[in-house]
Amino acid sequence: VYLLSEQRTSKRVLLKVNNDAIIHGQAYVQGFTELRGKIYGSLYTDKFYLKTPSSIYENHVLNGEINYAKRSDLYVASDMLDHGNQRKVIKWIY
């Protein structure tokens, strides 16, 4: 899932993952994410968003789950977030 915004205005994009929804893979959101469901993989977002009947909260998650370990072994990540081909070993551990 990729949600990109051409303009950085007060009206930003929103990814809403409902209670019964599951995303398998990667989500990149240039805006807000309301996470009540599950993401089996990774999430990149600017801010979390939570709207309840009584209020609106920033950077709160209610009953949501992000679990990288549950992603499929067959999943191959996208190169859309790749910032070049400079790959190197950060540190060898012996």
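What you see is a predicted model; the values in this text were computed from it and never measured.
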When you measure from the side chain of N18 to the backbone of D20, do you find a donor-acceptor pair of N or O atoms at a distance under 3.5 Å?
no
Is any side-chain heavy atom of Y49 closer than 4.5 Å to one of I56?
yes
Report the residue from V61, L43, L3 that forms a side-chain contact (heavy atoms from CB on, under 4.5 Å) with T33.
L43
Take Q26 and Y44 through the test side chain to side chain contact (heavy atoms under 4.5 Å, CB included) and record every step on the way to the result.
CA-CA 8 Å; Q26 186 175 24; Y44 303 89; 3.4 Å; yes
Check step by step if side chain to side chain contact (heavy atoms under 4.5 Å, CB included) holds for V1 and I23.
CA-CA 8 Å; V1 176; I23 295 175; 4.2 Å; yes
Closest contact, heavy atoms only, T45 versus G31:
OG1-O, 3.2 Å
Rounding to 0.5 Å, atoms CG (L35) and NE2 (H60) come to a distance of 14.0 Å
The reported gap from CD in E65 to CD1 in I22 (rounded to nearest 0.5 angstrom) is 8.5 Å
Shortest non-hydrogen contact between R36 and N19, atoms and distance:
CB-OD1, 3.0 Å
Where E34 and L14 come nearest, the two heavy atoms and their spacing
N-CD1, 3.9 Å
Taking all atoms of both residues into account, what is the closest heavy-atom pair of A27 and L15, and its distance?
CB-CD2, 4.3 Å
Has N59 got a side-chain atom pairing as donor or acceptor with K47's backbone, closer than 3.5 angstrom?
no
Determine the interplanar angle of the H24 and Y40 rings, folded into 0 to 90°, and report it as parallel if under 30°, tilted if 30 to 60°, perpendicular if over 60°.
perpendicular
Where is the tightest heavy-atom contact between A21 and V17, given as atom of each residue plus distance?
CB-CG1, 3.9 Å
